[in-house]
Colleague: 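Pasting in a structure now, in structure tokens, and then I'll have a few things to ask.
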Amino acid sequence: MNIFEIYRINIINLLKNLKNKNILLLPDNLNSINVDIPPVKYDGDISSNVAMVLAKPNKKTPENIAKLIVAELKNEKNIENISIVKPGFINIKFKNIFWSDFLIEVINNHKTYGIDLKQVKKNYLLEFVSANPTGPLHVGHCRGAILGDVLANLLLFNNNKVKKEYYVNDFGGQISHFTKSIFYRIREILFKEEFPKNDKDIYPGDYLIDIAKNIIKNNKDLKFDNYQNIYEKLTQLSVKESLKLIKLNLKNLGIEHDNFASERDIVLNKEVESVVKKLEKNNFVYIGKIKAPKVEDDTKWIEREQLLFKSTDFGDDKDRALQKADNTWTYFAGDVAYHENKLNRKFDILINILGADHAGYIKRITSAVEALSGKKNKLICKVSQLVKLIKDGKPFKMSKRKGDYITVEDLINEVGKDATRFIMLNRSSDVEIDFDFAKVKDKSKENPLYYVQYCYARISSVFRNTNKILEDDIETKNFKHNYSNEEIKLIKKISEWPKCVEVSSNMLEPHRIPTYLYELASDFHSYWNMGRNDKTKRFIDEKNEISLDKLILLKSIAIVVKSGMNILGVETPNKM
RNA sequence: GCGCCCUUAGCUCAGUUGGAUAGAGCAACGGUUUUCUAAACCGUGGGUCGGAGGUUCGAAUCCUUCAGGGCGCGCCA
């Protein structure tokens, strides 16, 4: 029930008719013909640019084209008024009955209202978070985690298939340092040996002590005397403990992955060897040298022959190393194998959510996926920009070494899951955001979360006060179709919801949803307050009853708010 | 040096594939509660969409270029 899409299709069908009668010529691509919301001052409900688009191929003025179309449309039963404005915009104003009929559609299809029906359904693999399993998540991981989760919700809402995956980097140098740190902590606890906290390869955080204690407690038969002998086992246990912490953090953020893919498994299964062979066969790898990176001190750089992937064939700045000097695989090689693994699982689209600090990695991994699949745009990478923390009015700089950082746990305890999610989602992922603790905790209209929730709570209270249940189905038989202009303004806003979903989903930009919900809530609050001076605008009358028309209006707003908040993964309390 | 992101009102930001006289919130000032939840509402002011070119019927949006801010550049992950 996307009225913009319905009228776009109406207009296009009408154009095809005119074409068949040899009245109009149509361009091959009709995508630039759109139906939109006109600016308020034009007193129209929807508008189209169709006349401008067709002017050139037909060698006519937009006004003349518009006249042809208006002549066809003006007798349509829903249309109250249709006009042509300046360059050639066609503005349509609907009869009131159109809007009340529309509300019935919303009520009758409340489970599916907003779903983008014309979107081709796809099978997605969405990889996000994938933070190193060396400790709990901190605030820096939050934004990408929430973005990924909500993208999944959005794609699922549109009836796509989505698998949410976490790539566990449980192999390589970082993990050995981590395992070693755990080993020293265990030695510290069991044998009172001093922990080498000044070693720069050692993780300093106190959470390692808890992990060490857990490992000791649950593995009484293990001996911690020889690091080499216990290394494999201890790595497994340490990663497992870390993942436990991470999963708990994610759960508290309202996030649950479907699968955790292990880098270690991929390497030990020799998947790297086989993907390198595949690339070799297709001539995408060679032995060569790469130059020292610009930033590094050039004197430290030892140029050598090594195995490289030809990412420059796909637009990267330089070719990328697959093997280190000690002949072990680079992180990139493992990730290429992981992406081949994803491709073999037959998804239509792969999506990766990355932090801003990994944006430079996108070119090489998309190159690899293109080389392996032969297709462009099989892998889409979304970057979530930095979150600047503001505490007590001042920027808060995190420093892991000083132990001076905010974990997800701290964040949830202080501001809560819903506020965190809503604020992180409220802005485009392309821009840095300020996350001001004071503002996120604030319970007033300054906080958009509460502003939207309050709208739902007010609707709930009307149902409660008239002894009705918001969740119950509504019998629409005695509908009067009697709405004021102010109410129609609200209905129009409700009608924009499918458009919001469509654009958010096509662009993979969920921030449009909180923006839209805020506008809807704003229109609602505004209408609510009119009831102060004008009793006809109150929902509940003197007899403590509510008209069916008003009930349907409220129910429709609640349907959309609930639906939107579900996608965001945020609660809609009935009372506040 | 190179790559990516950003630059829109005093501040924080919306603004799908190019569309009409560019929109919110905050801050400022002035109002609204015997009344369905004031976690709310109404009103007033506020703009060279970073600068300069270009593309076209039409540019905040696309291209070129310059300037400013952020992130990155590995045989780390």
Side-chain angles (χ1 to χ4, degrees), chain A residues 31-32 34 36 38-39 41-42 47 49 52-53 55-56 61-62 85-89 91 130-132 134 169 171-175 263 290 292-296 301-302 304 306 316-318 320-328 330-332 334-335 355-363 383 385-386 388 426-434 436 439 442-451 453-455 457-462 464-466 499 502-504 506-507 509 511-512 515-516 518-519 521-522 524-533 535 538-541 544 546 575-576:
Chain A
N31 286 344
S32 52
N34 55 37
D36 257 304
K41 57 206 158 200
Y42 288 108
S47 74
N49 65 347
M52 267 91 74
V53 176
K56 201 171 220 178
T61 64
V85 182
K86 266 207 283 187
F89 285 99
N91 285 342
S130 300
N132 281 345
T134 55
N169 304 136
F171 196 80
Q174 302 267 356
I175 285 297
E263 180 183 7
I290 43 174
K294 242 342 187 220
V295 164
E296 196 102 346
W301 186 262
I302 303 159
R304 68 175 185 94
Q306 62 184 150
D316 201 3
D317 317 342
K318 53 173 145 184
R320 302 293 173 173
L322 293 165
Q323 244 174 346
K324 303 184 203 169
D326 63 0
N327 280 337
T328 59
T330 59
Y331 170 79
F332 175 60
D335 206 22
D357 52 343
H358 288 86
Y361 188 75
I362 294 174
K363 203 77 202 179
V383 174
Q385 290 297 326
L386 277 161
K388 284 187 283 186
N426 200 22
R427 300 292 181 215
S428 157
S429 56
D430 283 340
V431 305
E432 293 179 13
I433 48 172
D434 292 334
D436 187 329
K439 278 189 191 158
D442 185 27
K443 294 193 173 175
S444 76
K445 68 166 296 187
E446 269 218 56
N447 189 328
L449 166 69
Y450 297 111
Y451 190 78
Q453 285 183 329
Y454 190 45
C455 159
R458 275 180 155 173
I459 292 171
S460 281
S461 91
V462 171
R464 211 164 35 242
N465 291 338
T466 51
K499 205 173 175 66
E502 179 192 323
V503 176
S504 304
N506 287 344
M507 311 283 294
E509 290 182 348
H511 73 277
R512 290 157 196 277
T515 305
Y516 167 80
Y518 188 91
E519 288 167 8
S522 175
F524 170 78
H525 289 310
S526 172
Y527 181 77
W528 179 279
N529 275 58
M530 287 177 195
R532 292 182 177 285
N533 300 318
K535 292 216 160 136
R538 293 171 59 105
F539 291 99
I540 301 174
D541 63 20
N544 200 40
I546 178 167
K575 271 186 191 174
M576 286 172 76

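Chain letters run A, B, ... following the sequence lines, proteins first and then strands; every chain starts at 1.
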Colleague: Below 3.5 Å is the cut-off: list the nitrogen or oxygen pairs between protein and nucleotides 13-16 of chain B, distance only.
Modeller:
from, atom 1, to, atom 2, distance (Å)
B:C13, OP1, A:E432, O, 3.2
B:C13, O2', A:R427, NE, 3.3
B:C13, O2', A:R427, NH1, 2.2
B:A14, OP1, A:S428, N, 3.0
B:G15, OP1, A:H511, NE2, 2.6
B:U16, O4, A:D36, OD1, 3.1
B:U16, O4, A:K499, NZ, 3.2

Colleague: According to ring-ring contact (aromatic ring centres under 6.0 Å, His included), who are the partners of A:F89, at least two apart in sequence or on a separate chain?
Modeller: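 A:F89 satisfies ring-ring contact (aromatic ring centres under 6.0 Å, His included) with no residue once adjacent residues are dropped.
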
Colleague: With respect to the side chain of A:S461, which nucleotide from B:C73, B:G23, B:C36 is positioned closest?
Modeller: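 My answer, after comparing the listed nucleotides, is B:C36.
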
Colleague: Return the value, rounded to whole Å, for the distance between atom NZ of A:K363 and atom C1' of B:C71.
Modeller: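 Whole-Å distance recorded here is 18 Å.
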
Colleague: Suppose you measure atom P in B:A77 against the same atom in B:A14; what distance do you get, rounded to whole Å?
Modeller: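 One P to the other, the span is 35 Å.
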
Colleague: Would you say A:Y518 stacks on B:A24, if stacking means ring centres under 5.5 Å apart and planes within less than 30 degrees?
Modeller: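 Taking the rule of under 5.5 Å and under 30°, the ring of A:Y518 does not stack on B:A24.
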
Colleague: Not counting sequence neighbours, which residues clear salt bridge (charged side-chain N to carboxylate O under 4.0 Å, His left out) with A:R512? List them please.
Modeller: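 For A:R512 the salt bridge (charged side-chain N to carboxylate O under 4.0 Å, His left out) partners, ignoring immediate neighbours, are A:E509.
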
Colleague: Verify the contact: side-chain N or O of A:K388 to OP1 or OP2 of B:G69, cut-off strictly under 4.0 Å; return yes or no.
Modeller: no

Colleague: Pick the C1' atom in B:U61 and in B:U17, then give their distance to the nearest Å.
Modeller: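 11 Å, rounded to whole Å.
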
Colleague: According to the 5.5 Å centroid and 30° plane-angle thresholds, does A:F89 stack upon the nucleobase of B:A20?
Modeller: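 According to the criterion (under 5.5 Å, under 30°), yes, A:F89 stacks.
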
Colleague: According to a strict under-4.0 Å criterion, is A:K86 in side-chain N/O contact with OP1 or OP2 of B:U21?
Modeller: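 Affirmative; the distance criterion is met.
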
Colleague: For A:N544, which residues count as a side-chain hydrogen bond (donor to acceptor under 3.5 Å, both in side chains) partner, sequence neighbours excluded?
Modeller: none

Colleague: Could you tell me if the side chain of A:D434 sits less than 4.5 Å from the side chain of A:K388, heavy atoms only?
Modeller: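 Sidechains of A:D434 and A:K388: in contact.
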
Colleague: Tell me, do A:T330 and A:R320 make a side-chain contact under 4.5 Å, heavy atoms counted?
Modeller: no

Colleague: Can you tell me which nucleotide in B:C36, B:C41, B:A77 comes closest to the side chain of A:H525?
Modeller: B:C41

Colleague: Closer than 4.0 Å, any side-chain N/O of A:Y516 to the OP1 or OP2 of B:G23?
Modeller: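 For A:Y516, the contact criterion (side-chain N or O under 4.0 Å from OP1 or OP2 of B:G23) is not met.
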
Colleague: Could you please name the option among B:U35, B:C75, B:A38 that lies closest to any side-chain atom of A:K324?
Modeller: B:C75

Colleague: Pick base, sugar-phosphate or nothing for A:K318, based on heavy-atom distances below 4.0 Å to the nucleic acid.
Modeller: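 It contacts sugar-phosphate atoms only.
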
Colleague: When you compare the protein's N or O atoms with those of nucleotides 42-46 of chain B, which come within less than 3.5 Å of each other, and at what distance?
Modeller:
from, atom 1, to, atom 2, distance (Å)
B:C42, OP1, A:S526, OG, 3.0

Colleague: Taking only nitrogen or oxygen atoms into account, show me every contact under 3.5 Å that the protein makes with nucleotides 59-62 of chain B, one pair per line with its distance.
Modeller:
none

Colleague: Is the glycosidic angle of B:U33 within 90° of 0, making it syn, or outside that range, making it anti?
Modeller: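 Base orientation relative to the sugar is syn.
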
Colleague: Using side-chain hydrogen bond (donor to acceptor under 3.5 Å, both in side chains) as the criterion, list what pairs up with A:Y331, not counting sequence neighbours.
Modeller: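 Partners of A:Y331 under the side-chain hydrogen bond (donor to acceptor under 3.5 Å, both in side chains) test: none.
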
Colleague: A:P62 near the nucleic acid: base, sugar-phosphate alone, or nothing, with a heavy-atom cut-off under 4.0 Å?
Modeller: nothing

Colleague: Using the C1' atom in both, what is the distance from B:C26 to B:G46, to the nearest Å?
Modeller: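 Taking atom C1' in both B:C26 and B:G46, they lie 13 Å apart.
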
Colleague: Looking at every strand, decide which applies to A:Y361 at a 4.0 Å heavy-atom threshold: base, sugar-phosphate, or nothing.
Modeller: base

Colleague: Who are the salt bridge (charged side-chain N to carboxylate O under 4.0 Å, His left out) partners of A:D36, not counting sequence neighbours?
Modeller: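 For A:D36 the salt bridge (charged side-chain N to carboxylate O under 4.0 Å, His left out) partners, ignoring immediate neighbours, are A:K499.
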
Colleague: Take A:G531 and A:A325, find for each the nucleotide of RNA chain B with the closest heavy atom, and name the residue whose nucleotide sits nearer the 5' end.
Modeller: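 Of the two residues, A:G531 wins.
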
Colleague: Minimum heavy-atom separation for A:S32 and A:V53, please, with both atom names.
Modeller: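 Heavy atoms only, the tightest pair is OG-CG1, 3.6 Å.
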
Colleague: Rounded to whole Å, please give me the gap between CZ in A:R532 and C1' in B:A38.
Modeller: 6 Å

Colleague: Any base atoms under 4.0 Å from A:N327, or only sugar-phosphate, or nothing? Heavy atoms, all strands.
Modeller: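 Answer is nothing: A:N327 stays at 4.0 Å or more from every strand.
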
Colleague: Report yes if the side chains of A:P448 and A:N426 come closer than 4.5 Å at any heavy-atom pair, otherwise no.
Modeller: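 Yes, at least one pair of side-chain atoms sits under 4.5 Å.
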
Colleague: When the nearest nucleotide of RNA chain B is assigned to A:Q323 and to A:P39 on a heavy-atom basis, which residue is associated with the more 5' position?
Modeller: A:P39

Colleague: Excluding sequence neighbours, so at least two apart, what forms side-chain hydrogen bond (donor to acceptor under 3.5 Å, both in side chains) with A:S47?
Modeller: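 Listed in chain order: nothing, the list is empty.
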
Colleague: If pairs are Watson-Crick or G-U with both distances under 3.5 Å, what is the dot-bracket string of RNA chain B, marking crossing pairs with [ ] and pairs to another strand with |?
Modeller: (((((((..((((.....[...)))).(((((.......))))).....(((((..]....))))))))))))....

Colleague: Should A:F524 and A:Y451 be marked as a ring-ring contact (aromatic ring centres under 6.0 Å, His included) after you check the CA-CA gap, both sets of side-chain angles, and the distance that decides it?
Modeller: CA-CA 11 Å; A:F524 170 78; A:Y451 190 78; 9.8 Å; no

Colleague: Consider the side chain of A:I290, meaning its heavy atoms from C-beta on, and name the nucleotide among B:U37, B:G70, B:C75 that approaches it most closely.
Modeller: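 Side chain of A:I290 sits closest to B:C75.
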
Colleague: Quote, to the nearest angstrom, the C1' distance that separates B:G10 from B:A28.
Modeller: 10 Å

Colleague: Only counting residues at least two apart or in another chain, list the ones meeting ring-ring contact (aromatic ring centres under 6.0 Å, His included) with A:Y516.
Modeller: A:W497

Colleague: Where the side chain of A:M576 is concerned, which of B:U37, B:C75, B:C36 is the nearest nucleotide?
Modeller: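 Of B:U37, B:C75, B:C36, B:U37 is nearest to the side chain of A:M576.
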
Colleague: Are side-chain N/O atoms of A:Y361 and A:D335 paired as donor and acceptor at under 3.5 Å?
Modeller: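 The answer is yes; a qualifying pair exists.
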
Colleague: Just how far, in rounded Å, is P of B:C75 from CG of A:L322?
Modeller: 11 Å

Colleague: Could you tell me how far apart A:M52 (CE) and B:G58 (C1') are, to the nearest whole angstrom?
Modeller: 8 Å

Colleague: How far, in whole Å, is B:U37 from B:C41 if one measures between their P atoms?
Modeller: 16 Å

Colleague: Let me confirm one number: the CZ-NZ distance from A:R464 to A:K575, rounded to the nearest 0.5 Å.
Modeller: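 One finds 5.0 Å between CZ of A:R464 and NZ of A:K575.
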
Colleague: Using the side-chain heavy atoms of A:N465, tell me which of these nucleotides is nearest: B:C36, B:A38, B:G19.
Modeller: B:C36

Colleague: How would you label the contact of A:A457 with the nucleic acid (heavy atoms, under 4.0 Å): base, sugar-phosphate, or nothing?
Modeller: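 Here A:A457 touches the bases of the nucleic acid.
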
Colleague: Excluding sequence neighbours, so at least two apart, what forms side-chain hydrogen bond (donor to acceptor under 3.5 Å, both in side chains) with A:T328?
Modeller: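 Only A:D326 meet the side-chain hydrogen bond (donor to acceptor under 3.5 Å, both in side chains) criterion with A:T328.
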
Colleague: With a 4.5 Å heavy-atom cut-off, do A:C455 and A:W528 have their side chains touching?
Modeller: no

Colleague: Closest approach to the side chain of A:D430, judged atom by atom: which nucleotide of B:C71, B:A38, B:C6 is it?
Modeller: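 Taking heavy atoms from C-beta onward, the closest nucleotide is B:C6.
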
Colleague: With sugar-phosphate meaning primed atoms plus P, OP1 and OP2, does A:Q306 contact a base, only sugar-phosphate, or nothing at under 4.0 Å between heavy atoms?
Modeller: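 Contact class for A:Q306: base.
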
Colleague: Which heavy atom of A:T134 sits nearest to which heavy atom of A:I175, and what is that distance?
Modeller: CG2-CD1, 4.0 Å

Colleague: Measuring only the C1' atom in each nucleotide, how far is B:U7 from B:A52? A whole number of Å is fine.
Modeller: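 Looking at atom C1' only, B:U7 and B:A52 are 16 Å apart.
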
Colleague: Side chain of A:F539: nearest nucleotide among B:A77, B:A20, B:C36?
Modeller: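 That would be B:C36.
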
Colleague: Categorize A:I362 for me: base, sugar-phosphate, or nothing, with a 4.0 angstrom heavy-atom threshold over every strand shown.
Modeller: nothing

